[in-house]
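Structure first, commentary second.
Residue numbers start from 1 in every chain, and the chains themselves are labelled A, B, ... in the order their sequence lines are given, proteins ahead of strands.
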Amino acid sequence: MHFNQFISRKFYSLRQTEVSPSINSKIKALVQQGKYSQALELHSKTPHSALTTAKFTFPSLLKTCASLSNLYHGRTIHASIVTMGLQSDPYIATSLINMYVKCGLLGSALQVFDKMSESRDSAPDITVWNPVIDGYFKYGHFEEGLAQFCRMQELGIRPDGYSLSIVLGICNRLSWYMAGRQIHGYIIRNMFEGDPYLETALIGMYSSCSRPMEAWSLFGKLENRSNIVAWNVMIGGFVENGMWEKSLELYSLAKNENCKLVSASFTGAFTACSHGEVLDFGRQVHCDVIKMNFQDDPYVCTSLLTMYAKSGSVEDAKKVFDQVLDKEVELRNAMISAFIGNGRAYDALGLYNKMKAGETPVDSFTISSLLSGCSVVGSYDFGRTVHAEVIKRSMQSNVAIQSALLTMYYKCGSTEDADSVFYTMKERDVVAWGSMIAGFCQNRRFKDALDLFRAMEKEGVKADSDVMTSVISAGLGLENVELGHLIHGFAIKRGLESDVFVACSLVDMYSKFGFAESAEMVFSSMPNKNLVAWNSMISCYSWNGLPEMSINLLPQILQHGFYLDSVSITTVLVAVSSVAALLKGKTLHAYQIRLQIPSDLQVENALIDMYVKCGCLKYAQLIFENMPRRNLVTWNSMIAGYGSHGNCEEAVRLFKEMKRSETAPDEVTFLALITSCSHSGMVEEGLNLFQLMRIEYGVEPRMEHYASVVDLLGRAGRLDDAYSFIRGMPIDADRSVWLCLLFACRAHRNMELGELVADNLLKMEPARGSNYVPLLNLYGEVEMWDRAANLRASMKGRGLKKSPGCSWIEVKNRVDVFFSGDSSSTRRIEIYKTLSSLKSNMEGKGCSYEGIEVC
DNA sequence: GTAGGGTTAG
């Protein structure tokens, strides 16, 4: 033994006799009562020279530090332990390792272990190995954890029941079914069978590996049916597999069986109720709790509160909270989460302020939940205050808190703060990696996100469904279809493709890539479709030019027992607008009012857009005027509305009002304005706005703006100006710009320029049939039939066809579509008759019928 | 018993 160590041991054994039993027992009592902070305070106030801490107090104190994530005290105690040469005591070493693992420092835990392994006189025994292996697993280093498990056996240390339950726990987490079965075999071979702990661990393993029926059959073979823990694990196992009905059945059976329910039986039942959102059953279990006199059990109350919160009844949750007199920190934490989960983040922050003022204990759960609340409401200032609190309480190395801080800063838009947290993170579990990857994605740093994902996998941390979701959004953000397929393949390999979040992200990704069929395939193979999945599919059809499919999905959603939410309404309204199905739009609007679906900005904007596009400017106006808040999109939609209805003055007036409301216009605003001027023939105003957008507002014009100006000049007959405008463009004009000029040439019968423009257009895209049509029409207009015939022949020779134009009309809840040149309708004679009479009516009243083709 | 990262909208 080293001399110093010898001395310190001697010193310790000497002092042991001098220990003041009163302070020791006081500390122990405080720990037992859960008054951790007071215990630590007493310990830190006790003069070091008195060394009043006995050996057996260290483990309790370390446990305290672990549960408070108080690394500062943990390290102080570690120092005392080293001073007293006790670091190789297996019981103390185990506690130290556990403390470091729980405080988020696997590295320090391993150092304690390594020091112990190096020391000659006290090799780690199984009680020390167990928390080390557990630590590796907790931080996602599964291969390393298993390697250590094997190394331990090579050193001749046989796993005990606890080791086996730790490894079984990993099989649970990673759904390692085959490994779990092997351990089951090991248990039988090595006579561990009948150990009630392992029996329940096995039931838990089979449940977590999605084999609830194998767990159930093991449960059925239990010798001791009164092992309530096994019942509880089985109740939890059913919930885990989405079989909450079975779970509640089992709870009812347990009630009638001769086994005494414990608090975990109720907590399991409450979890089942939360998953099934069966508030009624939850209330019944609440009655059982009162009948069996568990209403003062802190565990039961916490899960009861959570059940009410998850079922959406935050008021009931608050009642439970208020009724508990001796509120523990866990209950307060649950209330904070309840508020945040039900959109009342500010109440959560308020509760925290009260906790601080009342000097009630605050732990890492409180802090991490609170930070998540700050993320929801984007409260940077409050978030920073909490960050200060984290440092004050020495919680900055807790991995959950770091993850929450990172997310808070990213969501509040402060990448610098987020990055500085990022660089201090030493230990990363899968959630921490997930926070970073998601943070990068939110800041459009998709490549960084994917690099991080690869680094994570390289470190042996396996992606879970949360990480997968972010990775999919990174693939989408990079607009790389091949990568998207690769990611999909990876998700299948990991068995994550049917997770709702992953599947919804995949649907969205394929939808945005334009692969509606692939999106459909993912959607149809989803085992549990939620409303988000349905909404994603509606959005997919809208995005991919299939508005009628999108609208037709609605009755199916209702048939599946869902109520539309504001996202569904918004999404379908887009589809409704694109086919101008006014009746459908009004029905949706009525549904939204009748079911009191919250009318947020998005819904109102979509309603404005729908009414504008369906020709009801009045309704759009009404909604616009009654809106409590407006954003850029609101202004843009209404300006475009006036513009498309030929009311340019009103559009410009609104633009001025928008400026007064201090909303900065964007490129969409100017496009709406210039188009509006073009429709009303206000050429100078339009040109002026085009100049203004760049000079005064710093908005760079896009191709649409150039096309709009060409249209503006062209409609007014200023064809040469339009042509020289195109020549002076800083970017190459695309098809849309040339087409605008060609249409103008046709309208103003300018053959010379028309042919020149058409020539340009056809050089650009010779294989596009629709490019020839305006030229054909132009020849028709000036009656140059021979040229028209030549062009037709040349098109035919190249096998070119123009995709037919179409229009549609909604009558009596049905949308009819008509294609140009299609004479298949059974009522075509009536249709053409009506068109002819319309045409002559219009001519009689001196109206132009430009654009109406009567074939 | 309570926590931290993720999906749909113009």
How close or far is atom [atom2] of [N] from atom [atom1] of [X], stated in whole angstroms?
X	N	atom1	atom2	value
A/Met627	B/dG10	CE	P	15 Å
A/Glu667	B/dG10	CD	C1'	14 Å
A/Lys512	B/dT8	NZ	C1'	8 Å
A/Leu588	B/dA9	CG	P	17 Å
A/Leu496	B/dT7	CG	P	15 Å
A/Leu506	B/dT8	CG	P	12 Å
A/Asp666	B/dG10	CG	P	15 Å

Output one letter per nucleotide in nucleotides 1-6 of chain B: B when a protein non-hydrogen atom lies under 4.0 Å from the base, S when only the sugar-phosphate is that close, - when neither is.
BBBBBB

Would the A/Phe624 and A/Tyr642 ring centres measure less than 6.0 Å apart?
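Ring centroids of A/Phe624 and A/Tyr642 are no less than 6.0 Å from each other.
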
Determine, using ring centers only, whether A/His589 and A/Tyr619 are less than 6.0 Å apart.
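No.
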
Would you tell me whether A/Thr669 and A/Asp666 have side-chain atoms, one donor and one acceptor, within less than 3.5 Å of each other?
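Yes, a side-chain donor-acceptor pair sits under 3.5 Å.
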
Tell me whether the NZ or CZ atom of A/Arg428 lies within the 45° cone about the ring axis of A/Phe422 and under 6.0 Å from its centre.
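Output yes; distance and angle both within limits.
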
Once you measure the plane-to-plane angle for A/His560 and A/Trp534, does it fall in the parallel (<30°), tilted (30-60°) or perpendicular (>60°) bin?
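Ring orientation of A/His560 relative to A/Trp534: tilted.
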
Geometric class of the A/His387/A/Tyr409 ring pair [parallel <30°, tilted 30-60°, perpendicular >60°]
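Geometry flag for A/His387 against A/Tyr409: tilted rings.
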
